[in-house]
Amino acid sequence: MRLPMTMPATPREAELIQEELRSRLDLVGPGERRPARVAGVDVAYADDRLAAAVVVLDGVTLQVLDQVAVPGRVAFDYVPGLLAFRELPSVIQALERLSVTPDLVVCDGYGIAHPRRFGLACHLGVLTGLPAIGVAKTAFVGAYDEPAHERGAWSELRLDGDVVGRVLRTQDGVKPVFVSVGHAVDLDTACHNVLTLTPRYRLPETTRAADRLSREALRSASAT
DNA sequence: GCGACAG
DNA sequence: ATCTTGTCGC
């Protein structure tokens with residue numbers, strides 16, 4: 001499977017691409033579903049080099065089923081709102097080299113909780129056709145109330161009067177994470193899965209595994 | 001107009 | 001994202 005990704009030359013062109021792809025978004029999905037395989041993606045950087053990593057975990061045991069790392073070079077500067085153009089080229093390549101197809105992809109960032117309602121997770125989902133969600137560590141857009149301090153507590157993330165995500169506490173007393181739908185999955189399902197993926201730490205095991213692999217891949221590439 | 005701004 | 005020591009707690 002060859003998934004081409006258009007690389008814009010300017011931020012303005014990137015916004016136009018987002019606008020076009022946004023028409024292909026599925027914000028509902030098939031309904032409640034326990035994914036058998038959940039993938040986590042992340043990217044590590046060092047100067048103009050980078051390493052994208054994808055790790056697929058069993059949805060129940062959280063054991064690693066498959067993982068792929070792809071080294072590359074930065075092809076787009078970081079611009080808030082345009083993160084997908086910086087990270088996805090290499091992430092898509094890694095996904096294509098997977099030997100198993102994930103039922104859900106957990107991204108490090110946002111889905112529709114985005115200035116133009118089309119964040120990293122939406123872009124990845126539309127391009128691959130895979131259900132995708134975004135789990136971010138800090139706020140980007142939207143307003144919210146602080147959720148209660150126990151694990152599982154949450155509050156709505158609103159943007160211009162719309163609910164675009166949830167501020168979810170994954171462990172008692174730790175800072176909450178920001179969950180938003182990317183593609184082909186609903187918000188309830190997204191949050192249920194995030195809680196399943198956080199039996200012990202604040203961040204999903206998928207994210208933690210992909211983070212470790214991307215950094216290690218960057219290191220072994222340096223030693224070459 | 002001025003700041004804020006996923007990773 | 002990345003640059004970084006010590007420190008508190010299980």
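Numbered from 1 within each chain, the chains take letters A, B, ... in sequence-line order. Computation of the quantities below employed the complete heavy-atom set of this structure, encompassing side-chain atoms and omitting hydrogens, waters and symmetry-equivalent molecules.
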So, does [X] get its side chain near the phosphate of [N], meaning an N or O under 4.0 Å from OP1 or OP2?
X        : N     : result
A:Arg86  : B:dA6 : no
A:Tyr78  : B:dA6 : yes
A:Thr138 : B:dC5 : no

Between [N] ([atom2]) and [X] ([atom1]): distance, integer Å:
X        : N      : atom1 : atom2 : value
A:Leu82  : B:dA4  : CG    : P     : 20 Å
A:Asp42  : C:dT2  : CG    : C1'   : 13 Å
A:Arg202 : C:dG9  : CZ    : P     : 20 Å
A:Leu83  : B:dG7  : CG    : P     : 8 Å
A:Arg117 : B:dA6  : CZ    : C1'   : 16 Å
A:Lys137 : B:dC5  : NZ    : P     : 15 Å
A:Asp77  : C:dA1  : CG    : P     : 17 Å
A:Gln171 : C:dC10 : CD    : P     : 14 Å

State whether a side-chain donor-acceptor pair under 3.5 Å links [X] with [Y].
X       : Y       : value
A:Ser99 : A:Asp66 : yes
A:Arg22 : A:Gln18 : no
A:Glu87 : A:Tyr45 : yes

* **Per A:Pro80 side chain, nearest of listed nucleotides B:dG7, C:dT2, B:dC5** =>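 Selected nucleotide (nearest to the side chain): B:dC5.
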* To do: Side chain of A:Ala136 only, please: which of C:dT2, B:dC5, B:dG7 is the nearest?
  =>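 Between C:dT2, B:dC5, B:dG7, the one nearest the side chain of A:Ala136 would be B:dG7.
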Base, sugar-phosphate alone, or nothing: which one does [X] contact when heavy atoms must sit under 4.0 Å apart?
X        : result
A:Arg49  : nothing
A:Leu88  : nothing
A:Gly81  : base
A:Ala139 : sugar-phosphate

* same_hphob_cluster(A:Tyr110, A:Val163) at 4.5 Å side-chain heavy-atom cutoff ->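 They do share one cluster, since a chain of ILVMFWY contacts under 4.5 Å joins A:Tyr110 to A:Val163.
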* To do: Find out if a path of hydrophobic residues (ILVMFWY) with successive side-chain heavy-atom gaps under 4.5 Å connects A:Leu197 to A:Leu213.
  =>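 No: no chain of side-chain contacts under 4.5 Å links A:Leu197 to A:Leu213.
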* **A:Glu19 atom CD, neighbour heavy-atom count above 12 within 6.0 Å** =>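 Atom CD in A:Glu19 is not crowded, with 12 or fewer foreign heavy atoms closer than 6.0 Å.
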* DNA chain B contacts made by residues 107-115 of chain A, counting heavy atoms under 4.0 Å ->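 Within residues 107-115 of chain A, the residues near DNA chain B are A:Asp108, A:Gly109, A:Tyr110, A:His114.
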* To do: Kindly say whether A:Ala148 contributes a backbone atom to a donor-acceptor pair with the side chain of A:Arg169 at under 3.5 angstrom?
  =>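 Yes, because the side chain of A:Arg169 sits within donor-acceptor range (under 3.5 Å) of the backbone of A:Ala148.
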